[in-house]
Amino acid sequence: MARSAGVSLAEAFPQVAATWLQERNGGLTPQKATPKMRVAVWWRCPAGHHWEESISTRTAPAKWKNGDAAACRECVGYRVPYSYPKCGHTAMITSEAASKKRTRCWKCQQTWWQDNEERLKAELSAAAKGAVGRAAALLDAVPVPQDVPVPLVDEWRWWAAKQVQGAIAAEEVMDKDGECDLVLERVVRAAARLLPTWETAARAAEVDGVLKLVGQAHWAEGWMHQLTGRGPQPVAAEDRENIGFVLDAVLADWSQSAARAVAKDRARGGLAPTTAEITRSLTRAVMSMTDHEVFAPSAPYVHTYRELRLPVVPDGRDRYGRVDVVIWIPGGADIVVEIDSAPNAASAQKLAFARDVGAWPLWVRFGSGGIEEIDGVTVLDIREAVRGVRAAGS
C-alpha cells in the first residue's frame, strides 16, 4: 500500500520508528519525521548495533532487507566491521568489500594518493611496463572463439594487455590484492563475446550508430555490413545534392572565418597555422554541418562522432582503422568523412568500405600531392581555400 509523504515515520513505519535512537537525534522524533526525509539520524537495532543513516534510505525497500524494512545490516550480514591494517580505521562495509582486503579506508587512501601521486604514477608506469611478459602469458591462456576475425582478436589483446598490466602494477605498488584476478575475469568475459551478433549491430545502428567493442567505439553500420554482407542502399541523388550544398556553404564560411582568425593572430605576432591546426579546425567545421537547416527535421536525433573505428585494417596496419567524422542520421545514410593534407592510401580504403556499406563517403583534401578520384566517393579539393587561410595577414 502506498504511503503518503505527509504521514509521519511512526505511523508509516512503526518497526523502523522502534529503532530510532532518540538520545542522539535532538528534538526530531519519529512523530515529527516523515519517511522520505533526507536527514541523517541515529538508529539502534534490538541487538545493540547503532549507526547513522538518512531516514529516506532507512525506509527504502532494499533487496538485502528481504522484506523487513527495519532490518539491521550487521545483523543480516550485509555489512560487517572491517579494520584497515595500514590506517587503523574501522568501518561497517559490505562483506564483498571486506573480501577485497583494502589496506586503507577510502578517505585515507585518497589522502595517501594525493601525497604520493607523482611518485606512484612513475612506479605504476614502471611496474606496468615490467609486467608485459607476465600479462602476455596470462592472455595466452585465455580461450577465444575460433570464429572471431584476427584483427578483432588483436584489438581485444591490445585492450586486455593494458588492463592486466595495470592490475599487476596495482597489486605490486598499491597493495591491491586480488586485483589481477578481478581484471582477468573481466578480460575472459570480453573474450567470450568478442564478435558481435548481427542483432546487436543492428540495434546499435538503429539507436545511435555506435557499437562498443572492447573499450572502443565502432561504426555500427560498418559491422552490420561485415556480419551480414548486406548490400548498400544507394544514397538518393536529392540527398547527395543537399549534403553537397550544405558542405560547400560550411567550408566557404570556414575559409572566411579561419582567414580572419589567422590574420588577427598574425597581427599580434603569431605564426601561420600548422597542418595539425588546420585539420582540427576543418574537423570542427565538418561536424558543424548538422546545424544547417537541411538537417532541421531530424536535428534532435542526429549524432556526430569523431574517430569511430570500422572493421577495415588498412594495408600496412595491424589494427582497425578510424574515420575522422561520422554523422549518423536516423533512417538515412550515414555521412563518413576523412580529412587529409596529403594522399593517404588508408583513407581511400576506409572510404571505399563506407561506400560499399551504403554511406555517403566524403574525402576533404588539402595540402600537397595529387587528388585521387575514387568511384562512389566524393572528393572535395579545398587546397586553394587553405592556401588563402594560411596566407591571411602575411
Side-chain angles (χ1 to χ4, degrees), residues 3 8-10 12-26 28-30 33-117 120 123-124 127 138 163-190:
R3 295 176 171 92
S8 72
L9 176 68
F13 292 90
Q15 297 97 332
V16 173
T19 65
W20 184 277
L21 187 54
Q22 187 60 59
E23 56 264 36
R24 300 193 66 176
N25 290 333
L28 186 62
T29 67
T34 59
K36 297 299 182 181
M37 287 181 69
R38 296 182 180 179
V39 177
V41 298
W42 284 89
W43 312 87
R44 180 170 55 203
C45 76
H49 304 129
H50 58 274
W51 68 96
E52 190 178 27
E53 182 179 11
S54 72
I55 299 171
S56 60
T57 303
R58 181 80 173 115
T59 57
K63 185 177 180 180
W64 62 268
K65 294 182 177 181
N66 293 318
D68 179 7
C72 164
R73 288 179 172 84
E74 192 168 356
C75 288
V76 302
Y78 179 71
R79 283 192 178 177
V80 295
Y82 179 79
S83 295
Y84 296 90
K86 288 198 173 179
C87 70
H89 292 140
T90 298
M92 297 299 299
I93 61 177
T94 65
S95 55
E96 181 183 358
S99 69
K100 295 178 181 178
K101 299 181 179 179
R102 302 298 190 199
T103 58
R104 295 180 181 86
C105 68
W106 185 86
K107 187 175 181 179
C108 290
Q109 182 64 38
Q110 297 306 305
T111 301
W112 181 76
W113 172 262
Q114 291 170 3
D115 293 341
N116 298 274
E117 185 173 2
L120 286 170
E123 290 182 9
L124 284 168
L138 289 169
Q163 302 288 314
V164 175
Q165 286 172 233
I168 293 172
E171 287 188 346
E172 293 179 353
V173 178
M174 304 285 287
D175 296 327
K176 289 189 175 182
D177 294 336
E179 187 73 11
C180 195
D181 289 339
L182 290 173
V183 169
L184 273 173
E185 288 178 12
R186 184 164 66 244
V187 163
V188 169
R189 286 197 302 270

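Residue Trp42 holds its CH2 atom at 14.5 Å from CD of Gln22, rounded to the nearest 0.5 Å. Ser54 contributes atom OG, which lies 8.5 Å from atom CZ of Arg38 (distance to the nearest 0.5 angstrom). The distance from atom NZ of Lys86 to atom SG of Cys105, rounded to the nearest 0.5 Å, is 13.5 Å. Distance check, rounded to the nearest 0.5 Å: CD of Gln110 to CZ of Arg104 gives 11.5 Å. To the nearest 0.5 Å, the span separating NZ on Lys36 from OG1 on Thr57 amounts to 10.0 Å. Distance CD1/Ile168 to CG/Leu184: 8.0 Å, rounded to 0.5 Å.
A donor-acceptor pair under 3.5 Å is absent between the side-chain atoms of Glu172 and the main chain of Lys176, judged by distance alone. Side chain of Arg58 to backbone of Pro35: no donor-acceptor contact under 3.5 angstrom is found. In terms of modelled atom types and a separation under 3.5 Å, the side chain of Gln163 and the main chain of Val187 share no donor-acceptor contact.
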Kindly determine whether Arg73 and Glu53 satisfy side chain to side chain contact (heavy atoms under 4.5 Å, CB included), including the steps that lead there.
CA-CA 11 Å; Arg73 288 179 172 84; Glu53 182 179 11; 2.9 Å; yes

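Listed here is the closest heavy atom pair of Ala71 and Val76: CB-CG1, 4.4 Å. Nearest heavy atom pair, residue Glu171 against residue Asp177, reads OE2-C, 4.2 Å.
Considering only heavy atoms from C-beta on, Leu138 comes within 4.5 Å of Cys180 through its side chain. The side-chain heavy atoms of Met174 and Trp113, taken from C-beta on, include a pair separated by under 4.5 Å. Ile93 places a side-chain heavy atom less than 4.5 Å from the side chain of Tyr84. Looking only at side-chain heavy atoms (C-beta outward), His50 and Arg24 come within less than 4.5 Å of each other. Pro81 is listed as a side-chain neighbour of Glu74, based on a closest heavy-atom distance under 4.5 Å. In this structure, Trp51 and Cys45 have side chains that are in contact, with non-hydrogen atoms separated by less than 4.5 Å.
Counting only N and O atoms by type, the side chains of Arg102 and Gln109 include no donor and acceptor under 3.5 Å apart.
The aromatic ring centres of Trp20 and Trp43 sit less than 6.0 Å apart.
By the neighbour-count criterion of 12 heavy atoms within 6.0 Å, atom CH2 of Trp64 is densely surrounded, having more than that number from other residues, nucleotides or ligands. Residue-environment remark: CD (Glu23) exceeds the threshold of 12 foreign heavy atoms within 6.0 Å.
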